[in-house]
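Down below is the structure, laid out as structure tokens.
Proteins get letters first, then strands, A, B, ... in listed order; numbering begins at 1 in each. What you see below is based on every heavy atom in this structure, not just the backbone, and it leaves out hydrogens, waters and symmetry mates.
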Amino acid sequence: MVHKIENQYKEILNQYMQRQSEQNLYVGQNFSRQLISENISPEEVISVHKAAMQEIYKDLPDVVWHSFDFLIEMMINYGLALQERQSLLQRQEEIRVEMDLAANVQETLLKTSLPVLEGLDIGLLSIPAKKMNGDYIYFISDADGHAGIAVADVIGKGLPAALCMSMVKFGMDSLNNSPATPKEVLGVINRVVEKSIDDSMFVSMFYGRYDADNGTLTYGSAGHEPAILYRAKTAEFSELYAKGLLLGVSPAAVYEEHTVQLEQNDMVVMMTDGVTEGRTDEGFIEREVLFQLIEEKKDEPAQAIVQHVYDELERMQNAQLHDDFTLVIYKKVSM
Amino acid sequence: MVHKIENQYKEILNQYMQRQSEQNLYVGQNFSRQLISENISPEEVISVHKAAMQEIYKDLPDVVWHSFDFLIEMMINYGLALQERQSLLQRQEEIRVEMDLAANVQETLLKTSLPVLEGLDIGLLSIPAKKMNGDYIYFISDADGHAGIAVADVIGKGLPAALCMSMVKFGMDSLNNSPATPKEVLGVINRVVEKSIDDSMFVSMFYGRYDADNGTLTYGSAGHEPAILYRAKTAEFSELYAKGLLLGVSPAAVYEEHTVQLEQNDMVVMMTDGVTEGRTDEGFIEREVLFQLIEEKKDEPAQAIVQHVYDELERMQNAQLHDDFTLVIYKKVSM
Amino acid sequence: MSNQSSVEILTEWDIVAARQLGRNVAKELGFGTVDQARITTAISELARNIYLYAGQGRIEIQQLSENGIKGILIIAADQGPGIPDIRKVMEDGFSTSGGLGAGLPGVKRLMDEFKIDTIPGEGTDIRATKWLR
Amino acid sequence: MSNQSSVEILTEWDIVAARQLGRNVAKELGFGTVDQARITTAISELARNIYLYAGQGRIEIQQLSENGIKGILIIAADQGPGIPDIRKVMEDGFSTSGGLGAGLPGVKRLMDEFKIDTIPGEGTDIRATKWLR
Ligand SMILES: [Mn+2]
Ligand SMILES: [Mn+2]
Ligand SMILES: [Mn+2]
Ligand SMILES: [Mn+2]
């Protein structure tokens, strides 16, 4: 095989030496790719080059041959660096496989089921910026017509954030089937996070609880992006703000809760900062852009609205998500 | 700077051309390292080489210079591969930082506190083979003089195993302060794992519960490495075996439990397969080797015994752990 | 100020023509041998992408002059299928590990500036610039 | 059958002497120019490690012949501090990212076989072999 390479090289070099045409260089460069893919090191290329020259121009002075020997010596460390690249590529592939598997485990671990409630249409989309999602949605529903939802965002991304999320999930599990209010839920999870987590790790969370009996939403927030309320009657948007520290900052943190009455076709839009802090070439995406996108599809099912907002925002950002993107819409519909 | 490199190169090459000594090549190769560290690509090396030759031997025939031009063209793709190595190294460093942070989070997440019980001396060591530990120890103690311990091993390593562990931990948390027996504990955790985890992910677990009132240990096992009982009186070792499927295989799995009476200075040695399946140049480590190591230090505190076993086994394996290593000793001592 | 010329890419011979055009312009602008070879390689790679994935397209070479600094701009434009996942093709090792060539990350490294616009189903426009220092 | 010779490493000049010895033996055995340069580089790296980290030690070169196949064995031995974390020094990028040289992973790549024995506080013994094909 080495012999075949030597002959091919000599042939290509010989052509080039006669004409020095672009065509010859193109052929030579394509050949160099093949050499790399066959793990031929640069010092071997020089050695093959020298041998080819010796055959074609045997009468060149000795200094020429010595000069190639020197180049071979200079290239040895370059050859080693290239071999290192091969093993780094392999390692990268192994890590990719492990990350994929971990992302799968995370998905199974964190799975939650969408509540089914007459009169409530839910749309939901959560897209990670990297392999592992640092945003998290958890539903708590009970038989009494309540649909509770937690939308959380770990400060930090990737692996550490994913591990942190699993903690939040098990904290929420311990509340399942209990009719806890936003104030209570945020208080419990705050203590879980505060107790178990590194000092540098914080979680923001919005908790909303829809009551199908009277069509109200009660909500609270732990330093989270405010939700948006859309009033169908007046076509107006407003923010659902509630005061509260990030989870994990202080065990004594207390959380507010507020209640709004939803009317027919009103929507509550809950999200993480990945939705509002998307960056385009012209700067951050304005809230008004979000309002407009929602309004464009306001008469469609919640899932279609959510998908539309994502598609358009993704397009504006040239498909480059800088942060995990999570968007949920609760839409009150006719029973 | 490039000018300085050109001059240095010419000087070194010139020396070599005159004498072709090993000394010159040594200097040249050291210089090539410097070039790599300054991101000088191989095509630039050829170009600098050509320029130096042109200055030293201006009268060489044109074919020599053409031949260098051809080499430059051949080296461009090699240069790109080298730049790729740089960015791969950088990426590897980023991943290392993320892994370290995740390992920290995992440690905080999974922390458990050693029970303090009069008459019971506990030694404990858990060393991961990679960054993230796939072995796990969890203590459940109560005010009634019970010291429960779970020793678990996820089948699989790294990230996915770490995520799985956090699930086991929160399952155990839900049992805390309840006087559950091994049979009950294994049953509960089996259902948690079975429900939430990927089909390919299993966990082996030993659960032992020491009762300080009467000096008994009740234990059960879910497909885990058997614990070892050391009888101080007879200096004999025996296995504490209990039947049971791996956690996560079947929701209907039922677990046995057995009880042994511990006497003064008796020891229960619990471990993961990383302890017994360590490989040396001569093959697996025999159980008898483990027995001998324990016996050598049997009169010392449990922690000293555990440390001694680890040090010696590590030495036998040339410091290369193939699996996570976890070893716990419960030693009954005088009140 | 800019001065342009272009080559239609239809056959593999056109790749060579585009290379030749680029090398001539680079030489004329005063780029050294190594930079000439790099610019030519970048053009080669872009032309080859057009030839292989879009079937046809165009390589355009412009001479630039900004604030007295000269440069060369390569534009590779096609109406091919576009690139569905830019993140992936810009990843190291995606195209090069099999020795398939420099790929787009390679072009980016060979030049000083690099911009890619692609719309699935409509085509791709890549612009790469190198300045003379 | 083996034929040996060695060089004490005390000063930087001894690195050159060890290289020269290794290159001569490699040439004599019939290794080509590139392999001669690789064997020499491996020796250089090992001798340099001794010089830098152990202060003194020895490079031994043996000619091997097994089943009619010839080879060269490099032994680098010192009574230095030993290597506390082998995993780390054998990791890619640990020693080379700063351009500090091939490091031990480099020596391993340059040769066919590689074995390292080290005891902290007592010293290090590294053996690397290359066979003539
Ligand atoms: Mn986040
Ligand atoms: Mn975010
Ligand atoms: Mn394991
Ligand atoms: Mn194991």
Taking the ring of A/Y16 and the ring of A/Y26, is the distance between their centroids below 6.0 Å?
no

B/I56, part contacting chain A, at a heavy-atom distance under 4.5 Å:
neither

Between CD1 of A/I140 and CE of A/M172, what distance do you get to the nearest 0.5 Å?
3.5 Å

Ion pair present between A/R91 and A/E94, side-chain N to carboxylate O less than 4.0 angstrom?
no

Quick check on B/Q20 against chain A: is it the side chain, the backbone, both or neither that has a heavy atom closer than 4.5 Å?
side chain

Contact class of B/F70 relative to chain A, heavy atoms under 4.5 angstrom:
both

Portion of B/Y9 that has a non-hydrogen atom of chain A nearer than 4.5 angstrom
side chain

Salt-bridge contact B/E194-B/R191 (side-chain N to carboxylate O under 4.0 Å):
no

With no hydrogens and no angle check, just 3.5 Å: does a side-chain donor-acceptor pair link A/D324 and A/S126?
no

Tell me, for B/H66 versus chain A, whether the close heavy atoms (under 4.5 Å) come from the side chain, the backbone, both or neither.
both

Given that the side chain runs from C-beta out, which part of B/L25 has a heavy atom under 4.5 Å from chain A: side chain, backbone, both or neither?
both

What is the distance from atom OG1 of A/T112 to atom OH of A/Y138, rounded to the nearest 0.5 Å?
6.0 Å

Among A/D62, A/D69, A/L60, who wins on heavy-atom pairs under 4.5 Å with chain B?
A/L60

Measure distances from B/P61 to the heavy atoms of chain A and classify the residue's part below 4.5 Å as side chain, backbone, both or neither.
side chain

Residue B/M74 versus chain A: region with a heavy atom under 4.5 Å
both

Separation between CD1 of B/I72 and CD of B/E43, rounded to the nearest 0.5 Å
8.5 Å

